[in-house]
Number of protein chains: 2
Amino acid sequence: MTLAYDVDTHAAPSRVSELMERLGLRMTFAKDEELYAQDDDADLIYMVTSGAVRTTRLLSDGRRQVSAFYYAGDLVGLETGPAHRFSAEALCDCTVLVVKRSSLKAFAGDGELDRAIWEATRRELERTQDHLLVLGRKTACEKVASFLMERAQSDRSTKVSLPMGRQDMADYLGLTIETVSRMLTQLQSASVVEFDGSRHFRVKRWDALAQMVE
Amino acid sequence: MTLAYDVDTHAAPSRVSELMERLGLRMTFAKDEELYAQDDDADLIYMVTSGAVRTTRLLSDGRRQVSAFYYAGDLVGLETGPAHRFSAEALCDCTVLVVKRSSLKAFAGDGELDRAIWEATRRELERTQDHLLVLGRKTACEKVASFLMERAQSDRSTKVSLPMGRQDMADYLGLTIETVSRMLTQLQSASVVEFDGSRHFRVKRWDALAQMVE
DNA sequence: CGAACTTTTGAACCCCTTCAACATCAGTGG
DNA sequence: CCACTGATGTTGAAGGGGTTCAAAAGTTCG
């Protein structure tokens, strides 16, 4: 499991953060508000500065797949060609820096920036590939364990927070909310994790969690 | 569904093919032979010139996920940082051009080449994201239909060939070979496709197939 | 032809879903 | 402060889609 969300090894190194700060527009989004919609022109790039964002895609009958979650420091909106292939929504009230692709292109000579965006895209690919294995070949319990591990490695504090609800977790893992809930209960009963409310947990047995994740 | 495998809109435009021809070493691999293994140094890039290749990843208990299939013209081995995160194996006897990353780096000034590799990686990300939706939220029948559609759009002839066996299809779609086989029979019974042996088919009802794929 | 492998088909089982009820929590206003 | 309300999360029981196990049918290649 990668440490893609670890702030220290992050998608947007400080140099890029600086550039975003300088060129970008600061915006706030309320919970569930849309940063952009599927098929929108992809002329903007976003950097989360607080809160969290999800990218999703819908089937015509309403089935939903959450592709990824993004946290402070992450770049959102890279996953596209000319048009966005996902929609992006705020998981909770959050602030982002928005910058036009064209503004960034003006700095194309800046190798460091190019490199940062390239690195972020490459890591996005790696994360998505990791996710493929989870969705394709893991059991419900292993899926939930993988998700908790991912969060725990991102938020290195002992108390890990979950900014998303059960439905978002379910749509991320290809499960139902009921199954997610049951697996969480199960993992807690096995003393692998301990929940404090529905949105905060602590890992009690790293070895057991790691084994389920592979 | 993208046309990522369509030769005309391909990952490796002719200019890159030329460069690969000039710098690369031609190699042949027998069916099931390994181009590279998981965790190998990723210092080589491959271009398939004939045959087909799969990239796979294993869980410790043997469960396998096929990440992608690659055909003539496709670049393989881009999905990595310093080490390969998948193994790559020949689906059938095939020939590839192999070139050192460092050799290509010597041409880093060549914007067209950089751009081609960037484009190939971006398309790889898009394909993987499409695959996420299939694995996470589609039924067995829709998964198989999605796969057939993908192949049919790649191989635009009326007789579409399947270079991979049922096990590879199953591991690509997160199913068992039995389920794949049953769904294929079902799609044929519904006159959506028609098989000629187990490795060749023809789409009879594009509308029906497209609807299952979304 | 005959052996080994792949694919298909059948039947029983099980993991996850579905449907339903209950619990918990946050926010609101009396 | 507490009752009310809607949203969110948990738990239970029944059902179904896909898996598992087994065997037959088809294919490949010596």
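Just so you know, these numbers use all the heavy atoms, side chains as well, and skip hydrogens, waters and symmetry mates. So that the names make sense, note that chain A is the first sequence line, chain B the second, and so on, each numbered from 1.
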Contact letters for nucleotides 19-30 of chain D, in which S counts primed atoms plus P, OP1 and OP2 and B counts the base, heavy atoms under 4.0 Å: BBB---------
Side chain S154(B), main chain E150(B), donor-acceptor under 3.5 Å: no
Separation of dT8(D) C1' from L162(A) CG (nearest whole Å): 14 Å
Axis-to-axis angle between the two ends of the helix from dC1(C)-dG30(D) to dG30(C)-dC1(D) (five base pairs per end, rounded to 10 degrees): 30°
Contact list for residues 42-70 of chain A, test salt bridge (charged side-chain N to carboxylate O under 4.0 Å, His left out), sequence neighbours left out: D32(A)-R54(A), R54(A)-E89(A), R54(A)-D168(A), R57(A)-D130(B), D61(A)-R63(A), R63(A)-E142(B), R64(A)-D168(A), R64(A)-D171(A)
Interatomic distance where CE belongs to M164(A) and P belongs to dT8(D) [whole Å]: 15 Å
Closest non-hydrogen atom pair, H84(B) against A42(B): NE2-CA, 3.4 Å
Salt bridge (charged side-chain N to carboxylate O under 4.0 Å, His left out): pairs with one or both residues in residues 181-198 of chain B, sequence neighbours excluded: E194(B)-R202(B)
5' to 3' contact window, DNA chain C with chain A (heavy-atom distance under 4.0 Å): dC16(C) to dC19(C)
Residue pairs passing the ring-ring contact (aromatic ring centres under 6.0 Å, His included) test where at least one lies in residues 138-163 of chain B, sequence neighbours excluded: F147(B)-Y172(B)
Contact check, side chains of Y36(B) and Y46(B), non-hydrogen atoms, under 4.5 Å: yes
Residue pair R101(A) / L44(A), side-chain heavy-atom distance below 4.5 Å: no
Atom-to-atom span, CZ of F195(A) to C1' of dG9(D) - whole angstrom: 11 Å
S146(A) to K138(A) - nearest heavy-atom pair and separation: OG-NZ, 3.2 Å
Integer-rounded Å distance: dT10(D) C1' and M183(A) CE: 13 Å
Smallest separation among heavy atoms of F195(A) and V193(A), with atom names: CE1-CG2, 4.0 Å
Nearest-angstrom distance from the residue atom CG of L184(A) to P of dG9(D): 10 Å
Reported CG-to-CZ distance for the pair L162(B) and F201(B), which is rounded to 0.5 angstrom: 5.5 Å
Distance-only side-chain donor-acceptor flag, T28(B) / T95(B), under 3.5 Å: no
